[in-house]
Amino acid sequence: MKGSAGFFLCSLLLIAPHCAEVATEDVQPDPKTPCANWMGGAPGYPGHNGLPGRDGKDGKDGVKGEKGEQGVQGPKGDQGETGVPGREGPRGFPGYPGQKGDKGEGAFVYRSAFSVGLKERGPHPNVPIRFSKIFYNEQSHYDTSTGKFLCSIPGTYYFAYHLTVYLTDVKVSLYKKDKAVIFTYDQFQTNNVDQASGSVLLHLSSGDEVWLQVYGEGGDNGIYADNINDSTFMGFLLYPDQD
């Protein structure tokens, strides 16, 4: 056995140089792996990924480029919401006075009024009392000859009377168009001078008449007037109709 082993070892030593020469003629093996083409090992596993390298330094800014051409104008956008009102600004200086305007037309003033008094004692009953003492009758709307006020301006009027009562009772009424509107009665007190009065608002149309007269029996006409006692009747237009 020892002789056979020695023979086999010597044969390998003789064949090895020959194998190296044949390999050199075909392909040069890697010096790290002799006889790689004859008895190379299995491929190894891939190695692990290496650590990331460090960030490099920032480069320098390049040269500024030339200005480009203006682009085409885009479509108009939708209207935005109304913003919050800003604060009030400072007050401005007064402006210069404007030019004087043209004179306007004066408004027409409607006037109708009278105030009259009694001169005679004991007027006749059931007929208009004729007040002939004139205090005011500028428009002549009260007729002293008839004792009646004639309406010339349609509207609302105020009428009033204040009568001195003496010697007997007084029954008096204010009439409008032959119809009694209000009545006043005063009972005379012996040895005394009394007063009877009344007032009313009336709407009158053009042509309406208003007057005072004693009603009832002839004995109830104690309306009195002298140089120190007056019995008066008055009326005036409050406001005319709009039409």
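When reading the values below, keep in mind they use all heavy atoms of this one structure, side chains included, and skip hydrogens, waters and symmetry mates.
Not counting sequence neighbours, the partners of Ser145 by the side-chain hydrogen bond (donor to acceptor under 3.5 Å, both in side chains) test are Asp143. Residues forming a side-chain contact (heavy atoms from CB on, under 4.5 Å) with Phe183 (at least two apart in sequence, or on another chain): Ser173, Ala180, Tyr215. Gln242 pairs by the side-chain hydrogen bond (donor to acceptor under 3.5 Å, both in side chains) definition with nothing, not counting sequence neighbours. Under the side-chain hydrogen bond (donor to acceptor under 3.5 Å, both in side chains) criterion, Thr232 pairs with no residue, sequence neighbours left out. Every residue two or more places apart in sequence or in another chain that forms a ring-ring contact (aromatic ring centres under 6.0 Å, His included) with Phe233 is listed here: Phe114, Phe131. For the ring-ring contact (aromatic ring centres under 6.0 Å, His included) test, no residue two or more places apart in sequence or in another chain qualifies with Phe135. Scored by the side-chain hydrogen bond (donor to acceptor under 3.5 Å, both in side chains) test, Asp226 finds Tyr224, Asn229 as partners (sequence neighbours excluded). Taking Thr82 as the reference, nothing meets the side-chain contact (heavy atoms from CB on, under 4.5 Å) condition, with sequence neighbours excluded.
The shortest side-chain heavy-atom distance between Val170 and Val214 does not fall under the 4.5 Å cut-off. Inter-residue side-chain proximity for Val109 and Arg111 is flagged as met; some heavy-atom pair is nearer than 4.5 Å. Inter-residue side-chain proximity for Asp186 and Asp169 is flagged as unmet; no heavy-atom pair is nearer than 4.5 Å.
A continuous path of hydrophobic side-chain contacts links Phe236 to Leu201 [ILVMFWY only; heavy atoms under 4.5 Å]. Put simply, Met234 and Val181 are part of two different groups of oily side chains (I, L, V, M, F, W, Y) that touch within less than 4.5 Å, one to the next. One hydrophobic cluster, built from ILVMFWY side chains closer than 4.5 Å, holds both Leu202 and Val116.
Judged as a side chain to side chain donor-acceptor pair (under 3.5 Å), not a single pair has a partner in residues 68-81 (not counting sequence neighbours). Among residue pairs with one or both ends in residues 45-55, none qualify as side chain to side chain donor-acceptor pair (under 3.5 Å); sequence neighbours excluded.
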CA sep, side-chain torsions, deciding dist, call: Ile134, Thr144, side chain to side chain contact (heavy atoms under 4.5 Å, CB included) = CA-CA 9 Å; Ile134 303 300; Thr144 56; 3.3 Å; yes

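Heavy-atom contacts from other residues, nucleotides or ligands closer than 6.0 Å to OH of Tyr136 number more than 12.
Between the OG atom of Ser115 and the CD atom of Glu138 there is a distance of 13.5 Å, given to the nearest 0.5 Å. Remark: Tyr142 OH to Ser132 OG distance equals 8.0 Å, nearest 0.5 Å. In this structure, the separation between CG on Asp178 and CD on Glu209 is 8.0 Å, given to the nearest 0.5 Å.
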Could you pull out every donor-acceptor pair under 3.5 Å between side chains of residues 148-167 and any protein atom, sequence neighbours left out?
unit_1 : atom_1 : unit_2 : atom_2 : d
Tyr157 : OH     : Ile153 : O      : 2.6
Tyr161 : OH     : Thr184 : OG1    : 2.5
Thr164 : OG1    : Gln195 : NE2    : 3.2
Thr164 : OG1    : Asp230 : O      : 2.8

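The shortest heavy-atom contact between Ile129 and Gln213 is CG1-CA, 3.8 Å.
Under 3.5 Å, the side chains of Gln187 and Tyr185 contain no donor-acceptor pair of N or O atoms. A donor-acceptor pair shorter than 3.5 Å cannot be found between the side chains of Asp208 and His203.
Under the 4.5 angstrom side-chain criterion for Ile, Leu, Val, Met, Phe, Trp and Tyr, the cluster partners of Trp211 are Tyr175.
A donor-acceptor pair is defined here as one N or O able to donate and one able to accept, closer than 3.5 Å; such a pair exists between the side chain of Gln139 and the backbone of Ala113.
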